[in-house]
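The structure appears below as structure tokens.
Chain letters run A, B, ... following the sequence lines, proteins first and then strands; every chain starts at 1.
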Amino acid sequence: MKNREVADILRKTAQLLDIKGDNPYRIRAYERASQTIESLTKDVEELAREGKLETIPGIGADLANKIREILKTGTLSTFEELKKEIPPVLLTFLEIPGLGPKKVKVIYEKYGITSIEDLEKACLQHKIAKLPGFGFKTEENILKGIRLFRERTGRRPLGEVLPLAEEVVFLLRNRAPVIDIAIAGSIRRQKETVKDIDILITTQQAETTMKVVAELPLVEEIIALGDTKTSVRLRSGIQMDVRVVEPEAWGAALAYFTGSKAHNIRIRELALERGLKINEYGVFRGEERIAGRTEEEVYAVLGLPFIPPELREDRGEIEVALQGKLPQLVNYEDILGDGHVHSKYSDGSASLEEIILKAEALGLSWVAICDHSQGLKIAGGVPVEELWKKKKRIEELNNRSQKVKLIMGAEVDILSDGTLDYPDEVLKEIDFVIAGIHTGFQQDERQITFRLVSALKHPLVHAIAHPTGRVLGEREPYAVNMEEVLEAAKTYGKALEINAYYKRLDLNDIYVKASVEKGIPLIIGTDAHHVDQMDFLKLGVGVARRGWCEKKDLLNTLSYEKVIEWSKKHKS
DNA sequence: GCCGTTTTCGGCCCGACTGTTTTCAGTCG
């Protein structure tokens, strides 16, 4: 959790410098450092102890000192000084759509406004329109931005937005004269949460296409309407940007609009070093376009292999690609099983038969049925007698079913003292024991970590479910030292779950990457409580790919027989 | 503030759209 805190202070420092009007490149240095620290798979504190801070790209002597200061004192004197000059509440102004650092600065300096309420009042009194560079239109936009800011729920889970984006693509394919159309942006990168929907189109009739976009039934409001770019807000509140380019620029534009911004910046710097220029229309040597039709082409002229969208975060993928050592990411087609599904035996809605049918439809060959353990009454925890019935039923079905086998599993609660919710003689009879924390979220870091490590140490446990306990937009992760948890998983040869339920995605991409680096086995489980939720498997694969997972890193890519073999080996 | 098979100083990604402007700054992605 330390990395996040350091990154936070660096980011806020950058934003304050931005409002102050400092050197833009200095600001960028802070921003980049913040992003880099946030996506480190190692503890920044450990790197500091080892004296390796300066080896992190984008961190020189000065920033290394500042990071050491943050680690030592919990804050940064540069940051504290800035806060005296510029009230930190102005940082929230930056979150109002339409307001950037320059306008915020003017508003603060001319009127001393330091709260959203005062800003709203000033707009209503038409004081803002009088400021230089402002006007009535700006004033209206700020008021609208304040309304949006207030009702905004922040970033949304990918699993919520993806179906919307797919519907838009479907509608435009049918209603507009499009040649190519694709979802770009953070959705294409499979980021766990997204801020907006980016759609890229090639067409011979840009104007008509833009008109169709603006008139889609899902559209609530048109934010900007141009020849090649249209921004709208959908009824669900999310913003959607649609761009049109000519077919010759498809690859360049797709790369550009897929991002991430940090990845794009690095790619363009690389192009400059080679005397080339990249924009969304292609790769240029002088006036001549030398690539752009496909993404492969764009990367190739820079001497790079195709970099999968999920890796494009400037987390080392470019350096690795230059060395020709990109990971062979796991594909959805490699997935043979779902590691975590609930049935009617606990709080799931599906029978074992229905789960088999769904698995077959998904092309899976096994499913681990992991119902809650006895103590978790609220979630229909399975008492021991029921468990034996379930085991018998699974055996019967396995004898009958050829294509899909069920694995007798259980999601066993890790109790407050670190012991498990079934006795050992029961656990012995379960082929896949995935242990998880479902109560006592408020305990301190020492106790939560102790509980997880105890479970990993237990000889009858195979894996840890949703290891950090976070629920996107609802619940922060519990206080846990993940370094220790990862070390324990490695030591005892246990697996960690990538819980694919759309609001969990836990482990996240960064911890997945850390696990892969340590050689810890991972298992994707949808945590489905309804057969439809088994579709979330795709989201799990997205997280795995973002965490640099290869086929060998995931237990889901093993055949039923091999999983059972692994399970037996790890129960000793 | 970072960084260097052109550089230890002088560079640092690129363009669309809007609004307030008579030529461009600010915001956004």
Assess whether a salt bridge exists between A:R289 and A:E246, defined as any Lys/Arg side-chain N lying under 4.0 Å from an Asp/Glu carboxylate O.
yes
Classify the nucleic acid contact of A:T228 as base, sugar-phosphate or nothing, counting any heavy atom under 4.0 Å across all strands shown.
sugar-phosphate
Paired with B:dT8: which nucleotide, if any, by Watson-Crick or G-U wobble criteria at under 3.5 Å for both distances?
none
Heavy atoms under 4.0 Å, any strand shown: does A:R243 hit a base, just sugar-phosphate, or nothing?
sugar-phosphate
Are A:N264 and B:dC13 close enough that a side-chain N or O sits under 4.0 Å from OP1 or OP2?
no
Between A:Y30 and B:dG1, does any side-chain N or O lie under 4.0 Å from OP1 or OP2?
yes
What I want to find out is whether A:E80 reaches A:K83 closely enough, with some N-O distance under 4.0 Å, to be called a salt bridge.
yes
Does a nitrogen or oxygen in the side chain of A:K102 sit under 4.0 Å from OP1 or OP2 of B:dT20?
no
Could you tell me whether the side chain of A:N508 reaches within less than 4.5 Å of the side chain of A:V543, counting heavy atoms only?
no
Compare side-chain N and O positions of A:N279 against OP1 and OP2 of B:dC13 and report whether any pair is under 4.0 Å apart.
no
Please report, rounded to the nearest Å, how far the P atom of B:dC17 is from the CG atom of A:D227.
6 Å
A:H263 NE2 to B:dC14 C1': how many Å, rounded?
15 Å
Determine the contact category for A:I27: base if any of its heavy atoms lies under 4.0 Å from a base atom, sugar-phosphate if only primed atoms, P, OP1 or OP2 are that close, otherwise nothing.
nothing
Please give the distance between the P atoms of B:dC28 and B:dT23 as a whole number of Å.
25 Å
Pairwise P distance for B:dG19 and B:dC12, with rounding to whole Å
31 Å
Taking the P atom in each of B:dC13 and B:dC17, what is the distance between them to the nearest angstrom?
23 Å
Going by heavy atoms in the side chains, are A:H126 and A:E139 under 4.5 Å from each other?
yes
A:E295 bridged to A:R188 by N-O distance under 4.0 Å
yes
Taking only the P atom of each, what is the distance from B:dA16 to B:dG11 in whole angstrom?
25 Å
Given DNA chain B, 5'-ward residue of the pair A:T230 and A:D241, judged by closest heavy atom
A:T230
Please classify the nucleic acid contact of A:F136 as base, sugar-phosphate, or nothing, using heavy-atom distances under 4.0 Å.
sugar-phosphate
Any residue of residues 50-77 of chain A with a heavy atom less than 4.0 Å from an atom of DNA chain B:
A:P57, A:G58, A:I59, A:G60, A:A61, A:D62, A:L63, A:K66
Assess A:K12 against A:F79: is NZ or CZ under 6.0 Å from the centre of the six-membered ring, and within 45 degrees of the ring's axis?
no
Whole-Å distance, A:L200 CG to B:dA16 P, equals 14 Å
Using OP1 and OP2 only, check whether a side-chain N or O of A:S231 sits under 4.0 Å from B:dC28.
no
Whole angstroms only, please: what is the CD1-P distance between A:I107 and B:dG26?
13 Å
Pairwise 5' ranking along DNA chain B for A:I265 and A:D196, keeping only the more 5' one
A:I265
Using a 4.0 Å heavy-atom cut-off, does A:N23 contact any base of the nucleic acid, only the sugar-phosphate backbone, or nothing at all?
base
Residues A:K261, A:E31: salt bridge by 4.0 Å N-O rule:
no
Taking only the C1' atom of each, what is the distance from B:dG15 to B:dT7 in whole angstrom?
28 Å
Please work out if A:G98 contacts a base, only the sugar-phosphate, or nothing of the nucleic acid, heavy-atom cut-off 4.0 Å.
sugar-phosphate
May I ask you to decide whether A:D509 forms a salt bridge with A:K513, counting only side-chain N to carboxylate O separations under 4.0 Å?
no
By the 4.0 Å heavy-atom rule, please label A:P101 as base, sugar-phosphate, or nothing.
sugar-phosphate
Establish, yes or no, whether the cationic atom of A:R312 lies under 6.0 Å from the six-membered ring centre of A:Y256 and within 45° of the ring axis.
no
Closer than 4.0 Å, any side-chain N/O of A:K229 to the OP1 or OP2 of B:dG15?
no
Among the nucleotides B:dG29, B:dG1, B:dC13, whichever has the atom closest to the side chain of A:R28 is B:dC13
Can you check the distance between B:dC14 and B:dC9, where both ends of the measurement are the P atom (answer in whole Å)?
25 Å
Using atom CG of A:N141 as one end and atom C1' of B:dT18 as the other, report the distance to the nearest whole Å.
8 Å
B:dC13 phosphate, OP1 or OP2: any side-chain N/O from A:R268 under 4.0 angstrom?
no
Separation of atom CZ in A:F284 from atom P in B:dC13, rounded to whole Å
18 Å
Between B:dG15, B:dC12, B:dG19, which nucleotide has the shortest distance from any of its atoms to the side chain of A:Y281?
B:dG15
Which is true for A:F134 with a 4.0 Å heavy-atom rule: it touches a base, it touches only sugar-phosphate, or it touches nothing?
sugar-phosphate
What is the separation between atom CG on A:L276 and atom P on B:dC14, rounded to the nearest whole Å?
11 Å
Please classify the nucleic acid contact of A:I267 as base, sugar-phosphate, or nothing, using heavy-atom distances under 4.0 Å.
nothing
Pair A:E310 + A:R189: basic N to acidic O under 4.0 Å
no
Tell me: CD of A:Q15 to P of B:dT27, nearest whole Å?
13 Å
Of B:dC13, B:dG15, B:dG29, the nucleotide closest to the side chain of A:Y256 is B:dG29
Which is true for A:P132 with a 4.0 Å heavy-atom rule: it touches a base, it touches only sugar-phosphate, or it touches nothing?
nothing
If you measure from the P atom in B:dG1 to the same atom in B:dT5, how many Å do you get, rounded?
23 Å
Pairing of A:K105 and A:D18 as salt bridge, 4.0 angstrom limit
no
